[in-house]
Amino acid sequence: MTLFDLTVGDVLSESILGRAQERDILRIEAHQIRDYTLNKQKQVDDYPYGGGHGAVMQADPLYQCWKHIVDTYGPGHTIYMSPCGTTFRQADAKRLAADYDHLILVCGHYEGIDQRFIDECVDEEISLGDFVLTGGEIAAMAVSDAVCRLVPGVLSDPECFQDESFWDGMLEYPQYSRPEEWHGRKVPPILLSGNHAKVAAWRRKQSILRTRQRRPDLYEKLDLSSKQDQKLLQELESESL
């Protein structure tokens, strides 16, 4: 649900998500909220009660758009993209992809949307982080991308996302491609060895190291009690001496 349906629709119809829609694996539709106003001016906002700067999106155009979606496609889990929502994490993408067949994402603008629509129709509020955007479209597209790529069949293999940052609470290991040497910088020899077990161990160790250095908050939550991880930790400690 957006005031910029053409822009949102174009972005979400490209690349991997576009091909997934062509194969009928998933469906993404952008609904223009102005099409559901009951006035000739297609007005969707008005001054806020109590005074203040800006305008507030009115409850009824939002409701009419939301009701059309529900009547057409059935009830869906409704999410309002809001800086007041809980911060979106990979765990939320996994939850939304696994638990719901149909999501409705509401993009606000101006000073926000009428609280009465939120109280009546919204199931969850989500934020991208501790900052404010001019509208909810960027946030909605980010959430859509993060959730849709987890739908079975969108990516060629589950390993495409299971090895990525945040899937298991860690940051992803460094990646390299051809050529073997570029600007005097060489690919780590272990990645050229063909020894899959050693490559896997190296990648695990690099993920641990990167998470410890860059995201200590995530590192503190990791379970590194296995024999394999304890060995990798010992190697990291010896390498740092």
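- Taking both residues in full, the closest heavy atoms of S82 and E125 are given as OG-OE1, 3.3 Å, listed atom of the first, atom of the second, then distance.
- Surrounding CG of D101 are at most 12 heavy atoms belonging to other residues, nucleotides or ligands under 6.0 Å away.
- Scanning both residues, F4 and Q32, for their nearest heavy atoms gives N-NE2, 4.3 Å.
- Within the structure, side-chain hydrogen bond (donor to acceptor under 3.5 Å, both in side chains) contacts touching residues 8-31 (residues at least two apart or in different chains) are R27-E29, E29-Y73.
- Both Y110 and I118 are members of a single hydrophobic cluster when ILVMFWY side chains are connected at heavy-atom separations under 4.5 Å.
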Checklist line | Full working for side-chain contact (heavy atoms from CB on, under 4.5 Å) between V147 and Y100 | finding: CA-CA 10 Å; V147 172; Y100 303 102; over 6 Å; no

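- No side-chain donor-acceptor contact under 3.5 Å links R149 to the backbone of L155.
- Among all heavy-atom pairs drawn from M1 and C65, the shortest one is CG-SG, 3.7 Å.
- Taking CG of L218 as the reference point, atom CG of L171 lies at 6.0 Å (rounded to 0.5 Å).
- Between L26 atom CG and L17 atom CG the span is 6.5 Å, to the nearest 0.5 Å.
- Residue W66 is not grouped with residue M81 when hydrophobic side chains (ILVMFWY) are merged at heavy-atom distances under 4.5 angstrom, including chains of intermediate members.
- At distances below 3.5 Å, at least one donor-acceptor pair connects side-chain atoms of D92 with backbone N or O atoms of R89.
- When all heavy atoms are compared, the tightest approach of P179 to V187 is O-CG2, 4.0 Å.
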Donor-acceptor pairs are to be reported for all side-chain atoms of residues 128-141 against protein atoms at under 3.5 Å, with residues two or more places apart or in another chain.
from	atom 1	to	atom 2	distance (Å)
E137	OE1	H109	NE2	2.7
E137	OE2	T2	OG1	2.5
E137	OE2	H109	NE2	3.3

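- A salt bridge between D5 and R34 is absent, with no side-chain N of the basic residue lying under 4.0 Å from a carboxylate O of the acidic one.
- Ion pairing of E120 with K67 is absent here, as no side-chain N (NZ or NE/NH1/NH2) approaches a carboxylate O to less than 4.0 Å.
- Pairs passing the side-chain hydrogen bond (donor to acceptor under 3.5 Å, both in side chains) check and including a residue from residues 39-50, sequence neighbours excluded, do not occur.
- S207 contributes a side-chain N or O that, together with a main-chain N or O of Y173, makes up a donor-acceptor pair within less than 3.5 Å.
- Between L105 and I126 there is no side-chain heavy-atom pair separated by less than 4.5 Å.
- Within a 6.0 Å radius of CD in Q230, more than 12 heavy atoms belonging to other residues, nucleotides or ligands are found.
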Margin query: Walk me through whether R212 and L236 qualify under side-chain contact (heavy atoms from CB on, under 4.5 Å).
Written below: CA-CA 11 Å; R212 185 170 69 184; L236 287 172; 4.1 Å; yes

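- Side-chain contact between Q64 and T37: absent, with no pair of heavy atoms (C-beta onward) separated by less than 4.5 Å.
- Put simply, CE on M170 and CZ on R203 are 13.0 Å apart, with the number rounded to the nearest 0.5 Å.
- Note that the NZ atom of K205 and the NZ atom of K231 stand 9.5 Å from one another [nearest 0.5 Å].
- The nearest pair of heavy atoms linking P75 to H102 is O-ND1, 3.5 Å.
- Atom CD1 in I28 sits 4.0 Å away from atom SG in C148 (nearest 0.5 Å).
- Of all heavy-atom pairs between I113 and V56, the closest is C-CG1, 3.7 Å.
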Notebook entry, point to check: Please walk me through it: do R116 and D119 pass salt bridge (Lys or Arg N to Asp or Glu O under 4.0 Å)?
Noted result: CA-CA 5 Å; R116 291 169 293 183; D119 294 340; over 6 Å; no

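- Under the 4.5 Å side-chain heavy-atom criterion for grouping Ile, Leu, Val, Met, Phe, Trp and Tyr, W202 is not connected to L233 through any hydrophobic cluster.
- Linking Ile, Leu, Val, Met, Phe, Trp and Tyr residues whenever their side-chain heavy atoms come within less than 4.5 Å leaves Y36 and Y80 in two separate clusters.
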Next item on the list: For L103 and H77, run side-chain contact (heavy atoms from CB on, under 4.5 Å): C-alpha distance rounded to whole Å, both residues' side-chain angles, the deciding distance at 0.1 Å, then the answer.
Entry: CA-CA 5 Å; L103 299 177; H77 185 70; 3.8 Å; yes

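- For the atom pair CD (E124) and CZ (F88), the distance works out to 9.0 Å, reported to the nearest 0.5 Å.
- Two residues are said to be in side-chain contact when any heavy atoms from C-beta on lie closer than 4.5 Å; L224 and Y219 meet this criterion.
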Next item on the list: Might you work through the side-chain contact (heavy atoms from CB on, under 4.5 Å) test for Q58 and D60, ending with a clear yes or no?
Entry: CA-CA 6 Å; Q58 298 168 297; D60 200 62; 5.7 Å; no

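- Remark: the backbone N or O of T78 is paired with a side-chain donor or acceptor of D123 at under 3.5 angstrom.
- Using a 4.5 Å cut-off on side-chain heavy atoms (C-beta onward), L96 and I79 make contact.
- A single hydrophobic cluster is seen to contain both L232 and L209, as judged by linkage of ILVMFWY side chains at heavy-atom distances under 4.5 Å, directly or through other members.
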